[in-house]
Structures are given as structure tokens and as C-alpha cells.
Amino acid sequence: MAIEKPNAADVKAIISTALSDQVVGALIDDAALLAENCIASLDGDRQKAILKWLTAHLIASTNSNASKTSSKLGDAQDTFARAQLGDGLKGTIYGQQALALDPNGCLLGIGKVKAFMETL
């Protein structure tokens with residue numbers, strides 16, 4: 001079954017980015033690879049929504065200035081950093097929305113190493 005993907009404009013509607021549509025498209029493809037085992041059985045609209053938010057999470061996570069805010073007026077300058085929201089997808093509001101859209105809770109396991117035991 002083919003996974004339904006959002007387009008770059010869908011993603012850019014929820015996150016402000018200077019990335020080109022081509023780069024956002026590549027990140028959509030990456031998000032689909034990350035989530036395919038979790039979303040393959042879901043309906044197309046839910047797949048697209050999850051991938052939209054997951055792609056925004058990837059954009060926010062790879063932006064080195066995403067957690068820093070700075071403003072300057074004349075000689076005065078104010079800089080501060082926002083706190084990290086959590087680990088993995090919990091680390092951005094975009095990832096949290098992707099988790100909220102996942103009815104099975106499968107996305108929580110993305111990136112985690114699975115333990116196994118072997119008896120001899």
C-alpha cells in the first residue's frame with residue numbers, strides 16, 4: 001500500500017522556513033521512511049497529516065537557531081534560548097502533534113533501539 005504524502009506547501013503552512021520546496025520534499029520522503037511501519041495501515045488523510053507534522057519536526061530539529069531567539073535595537077541586544085520540550089518527537093510542538101495524530105502510539109518508538117534476548 002502506498003503512503004499518502006503531503007506536499008511542501010502543506011508543510012510550509014505550519015512551519016516558517018527558508019528551505020526550498022525541493023529540500024522540504026526530501027524531508028517529507030525522509031519522514032515517510034521513518035514512519036512507514038507505523039502509518040501504513042492508516043487512512044490516507046491521517047498518513048498525510050502525520051507526515052506533515054513529522055516533517056515540520058525534522059525542520060525544527062535541524063535548524064541550529066530554532067532554540068535561540070535574539071533581538072537587537074541600537075546598542076542593546078537581548079538573546080535567550082528556549083527550553084527543549086522533551087526527547088525524540090516530544091522535543092518540538094510539531095512532533096507532539098504527530099504523536100497526537102498516531103492512534104496506535106507506534107511513533108513513540110521511532111529511533112529507539114529494540115532490545116532482544118537470545119538463549120543458547
Side-chain angles (χ1 to χ4, degrees):
M1 177 182 194
I3 292 179
E4 295 286 328
K5 298 178 187 176
N7 59 42
D10 295 332
V11 174
K12 287 182 172 185
I14 62 169
I15 186 170
S16 178
T17 181
L19 297 175
S20 70
D21 287 354
Q22 183 179 7
V23 173
V24 173
L27 289 170
I28 291 168
D29 291 340
D30 291 348
L33 288 173
L34 285 169
E36 69 183 339
N37 291 336
C38 292
I39 67 172
S41 64
L42 303 176
D43 66 86
D45 288 340
R46 189 168 295 269
Q47 289 177 349
K48 285 173 70 172
I50 288 172
L51 290 178
K52 174 178 64 177
W53 290 98
L54 185 55
T55 303
H57 169 78
L58 293 176
I59 291 169
S61 297
T62 58
N63 183 355
S64 62
N65 293 323
S67 64
K68 294 181 182 176
T69 302
S70 179
S71 61
K72 186 173 182 177
L73 181 61
D75 291 337
Q77 183 172 352
D78 188 20
T79 303
F80 63 93
R82 286 182 276 155
Q84 180 74 8
L85 299 174
D87 292 331
L89 291 176
K90 294 178 182 178
T92 68
I93 58 171
Y94 308 103
Q96 291 173 5
Q97 185 62 39
L99 290 172
L101 287 164
D102 177 16
N104 305 318
C106 181
L107 292 176
L108 278 172
I110 288 179
K112 293 185 179 177
V113 177
K114 295 179 182 174
F116 71 95
M117 186 179 356
E118 183 177 340
T119 57
L120 300 173

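All values derive from a computational prediction rather than experimental measurement. Positions are given from 1 along the sequence.
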Does a side-chain heavy-atom distance below 4.5 Å link L89 with L108?
-> no
Separation between CG (L107) and CG (L101), nearest 0.5 Å, reads 9.0 Å
Flag the pair K5 / D29 as yes when at least one side-chain heavy-atom distance between them is below 4.5 Å, and no otherwise.
-> yes
If only atom types and distance count, is the side chain of Q96 paired as donor or acceptor with the main-chain N or O of K90 below 3.5 Å?
-> yes
Given side chains that start at C-beta, do those of I93 and Q97 come closer than 4.5 Å, heavy atoms only?
-> no
Say you draw a straight line from CG of L51 to CD1 of I39; how long is it, rounded to the nearest 0.5 Å?
-> 4.0 Å
Do V11 and T17 have side chains that get closer than 4.5 Å, going by heavy atoms?
-> no
Pair D10-I28, side-chain contact (heavy atoms from CB on, under 4.5 Å): steps then yes or no = CA-CA 10 Å; D10 295 332; I28 291 168; over 6 Å; no
With rounding to the nearest 0.5 Å, note down the distance linking CG in N7 to NZ in K12.
-> 10.5 Å
Which value, rounded to the nearest 0.5 Å, describes the distance between L42 atom CG and E4 atom CD?
-> 12.0 Å
Could you check I59 against V23 for side-chain contact (heavy atoms from CB on, under 4.5 Å), going step by step and ending with a plain yes or no?
-> CA-CA 10 Å; I59 291 169; V23 173; over 6 Å; no
Atom OG of S41 and atom CG of N104: how far apart are they, to the nearest 0.5 Å?
-> 6.0 Å
Taking Q47 for its side chain and I3 for its backbone only, find out whether a donor-acceptor pair lies under 3.5 Å.
-> no
Check: D102 main-chain N/O paired with R46 side-chain donor or acceptor under 3.5 Å | no
Least distance between heavy atoms, T55 atom then A31 atom | OG1-CB, 3.5 Å
Check whether any side-chain heavy atom of I14 sits under 4.5 Å from a side-chain heavy atom of K52, and report yes or no.
-> yes
May I ask you to test the S61-L58 pair for a side-chain heavy-atom distance under 4.5 Å?
-> no
